[in-house]
Protein chains: 2
Amino acid sequence: MEERRYRTVQNFLKLRIQQGYYEVGSYLPSENGLCSSFSITRTTARKALAELTREGFIERKHGKGSIVLERRKTLGLLNVKGFSEAVGKDVSTVFLQNPVPGNWDPKINFTISDAELKKSCVHFSRLRFVGSEPVMTEYNWMAGEYLKGFCDLDFIEGSFFKTLSRHYHIEITGSDHELRAENADENKAILLDIPIGSPILHISVKFLTNINNFNIYSELYCNTKYYPIGNSYHI
Amino acid sequence: MEERRYRTVQNFLKLRIQQGYYEVGSYLPSENGLCSSFSITRTTARKALAELTREGFIERKHGKGSIVLERRKTLGLLNVKGFSEAVGKDVSTVFLQNPVPGNWDPKINFTISDAELKKSCVHFSRLRFVGSEPVMTEYNWMAGEYLKGFCDLDFIEGSFFKTLSRHYHIEITGSDHELRAENADENKAILLDIPIGSPILHISVKFLTNINNFNIYSELYCNTKYYPIGNSYHI
DNA sequence: TAGTGGTCTAGACCACGCC
DNA sequence: GCGTGGTCTAGACCACTAG
């Protein structure tokens with residue numbers, strides 16, 4: 001079975017967005033434009049654009065066009081309230097451990113597939129601040145197979161997800177979370193600058209991607225006293 | 001502007017689902033059936049069914065039909081892992097406070113609109129168990145205006161959301177969450193049968209509905225030691 | 001007024017599930 | 001084989017946005 005025509009158009013546009021050819025805030029070609037370029041009818045063009053909408057890449061505006069979105073905002077992920085999405089906020093990140101080849105860690109709270117375990121693992125960890133206050137430590141693991149050169153790469157605008165999208169065309173397609181309230185151990189207490197035993201929010205995340213058997217495993221530890229974790233979901 | 005034809009069909013089917021006329025697990029009329037019944041073309045019938053799919057009421061199965069879903073599973077809400085969705089699990093709920101007229105509580109972590117504040121408030125609270133272990137206390141507030149007779153009602157299968165849907169055709173259309181790790185105060189410690197000061201997960205929720213200015217505000221306190229909170233999101 | 005997306009019709013052919 | 005949903009064409013009219 002050959003590829004659906006709407007998928008051809010959808011993937012063509014998606015690639016151009018990932019490459020930055022269509023920048024965030026700019027408009028895609030109109031439906032009629034796509035009809036001409038690809039020799040398709042509006043139904044098919046609209047289906048392609050509907051799929052990109054569903055995936056969170058664009059928003060359709062009646063009378064104007066299809067505008068390219070900052071995708072992270074549409075993904076329904078848990079976020080430190082007023083953290084990365086806040087404009088003008090004094091947020092920053094430091095690496096505790098730059099990306100390096102490493103081992104799958106038993107700290108990971110999800111089941112790692114055999115296919116992943118057989119591959120080598122890449123690890124990095126970060127400490128994230130609002131102003132001068134540390135609010136979250138973050139530990140990440142993933143199979144290195146698809147990330148040639150990743151350890152020598154700078155993150156695009158400090159964003160791991162943007163880097164995956166731009167350089168590797170890897171997109172997040174879903175995530176599973178587990179949430180726990182815990183007491184901070186000595187290590188976390190020092191990093192987050194709180195007393196040992198303070199309550200912290202432990203979030204285990206498994207990010208699924210468009211690549212089979214390539215998932216990203218993250219363990220997050222948050223001081224929610226002043227910056228709670230937020231999440232929004234709308235039909 | 002008159003109502004779109006696909007919306008007519010969509011709302012017709014939605015009402016029948018809410019009323020239980022089409023039960024969970026059963027099939028809606030086929031596309032061609034809807035075309036005949038409503039004198040529309042397949043494009044329009046498919047649009048109606050696509051909307052119901054997006055809203056989480058049905059799932060479309062190639063070669064079979066449109067099957068009615070248990071909607072809560074598709075809503076992307078935070079759940080106690082292995083709690084309400086687990087089959088055969090020994091889960092139960094007791095009311096700490098049956099639904100009663102009450103006052104808007106300052107404990108609510110979200111901003112309540114003036115329109116809501118002007119209305120009377122209905123409150124209830126529950127304690128939820130897995131086996132004999134209490135894992136979550138739950139406090140709920142909402143404007144009573146649309147809930148005539150609610151305080152005298154039994155919940156359908158113990159579910160607040162099912163009751164809202166069946167009796168009042170009120171559906172959840174979204175939710176905002178705020179998550180905090182806290183220490184249990186004496187009251188929560190007793191209810192959850194844990195030492196005072198134990199870390200607990202405090203979840204503040206604002207549920208949005210299909211009715212303007214009718215939101216449900218919930219404050220949840222969870223012992224996540226053995227039953228973490230889970231959440232799944234997939235494109 | 002021109003261009004955009006939103007709705008809708010009336011067909012056609014294909015792929016999947018089931019008897 | 002037959003009914004189901006999935007894809008696609010070729011048109012039409014309408015509603016929104018902007019110059």
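Residue numbering restarts at 1 for every chain, and letters A, B, ... go by the order of the sequence lines.
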ask   = When you measure from every atom of DNA chain D, which of residues 59-67 of chain A have a heavy atom less than 4.0 Å away?
value =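 Correct list: A:His62, A:Gly63, A:Lys64.
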[X] [atom1] to [N] [atom2], straight-line distance once rounded to whole Å:
X: A:Glu3; N: D:dG6; atom1: CD; atom2: P; value: 18 Å
X: B:Arg5; N: D:dC14; atom1: CZ; atom2: C1'; value: 12 Å
X: A:Gln10; N: D:dC8; atom1: CD; atom2: P; value: 11 Å

task = Give a yes or no on this: more than 12 heavy atoms of other residues, nucleotides or ligands lie within 6.0 Å of atom OH of A:Tyr226.
result =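 Open.
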query = If you count the non-hydrogen atoms of other residues, nucleotides and ligands that lie under 6.0 Å from OH in A:Tyr21, is the total more than 12?
reply =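 No, OH of A:Tyr21 has 12 or fewer neighbouring heavy atoms, counting only those of other groups under 6.0 Å.
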ask   = Any salt bridge between B:Lys64 and B:Glu59, counting N to O under 4.0 Å?
value =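 Salt bridge between B:Lys64 and B:Glu59, a charged N being under 4.0 Å from a carboxylate O: no.
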inquiry  = Does this structure show an ion pair linking A:Lys162 with A:Glu157, if we count only N-O contacts that are shorter than 4.0 Å?
reply    =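 Yes, this pair counts.
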For the student: nearest non-hydrogen atoms of B:Cys151 and B:Val122, plus distance =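 Answer, listing the atom of B:Cys151 first, then B:Val122: SG-CG1, 4.3 Å.
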key: Close approaches to DNA chain C from residues 29-49 of chain A, in residue order (heavy atom, under 4.0 Å)   =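 Result for residues 29-49 of chain A: A:Ser30, A:Glu31, A:Arg42, A:Arg46, sorted by number.
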request  = Look through every strand shown and name the nucleotide pairing with D:dG19 as Watson-Crick or G-U wobble, where both distances are under 3.5 Å.
outcome  =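 Result: none.
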query = Can you tell me if B:Glu116 and B:Ser113 form a side-chain donor-acceptor pair at under 3.5 Å?
reply =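 Distance-only check passes for B:Glu116 and B:Ser113.
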ask   = For the side-chain hydrogen bond (donor to acceptor under 3.5 Å, both in side chains) test, which of A:Tyr139, A:Tyr217, A:Trp141 pairs with A:His123?
value =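 Output: one option passes, namely A:Trp141.
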task = Check whether any side-chain N or O of B:Tyr6 sits under 4.0 Å from OP1 or OP2 of C:dT7, and answer yes or no.
result =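 Yes.
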query = Does anything in residues 143-153 of chain B pair up under side chain to side chain donor-acceptor pair (under 3.5 Å), and if so which pairs, sequence neighbours excluded?
reply =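 Non-adjacent pairs meeting side chain to side chain donor-acceptor pair (under 3.5 Å): B:Lys119-B:Glu145.
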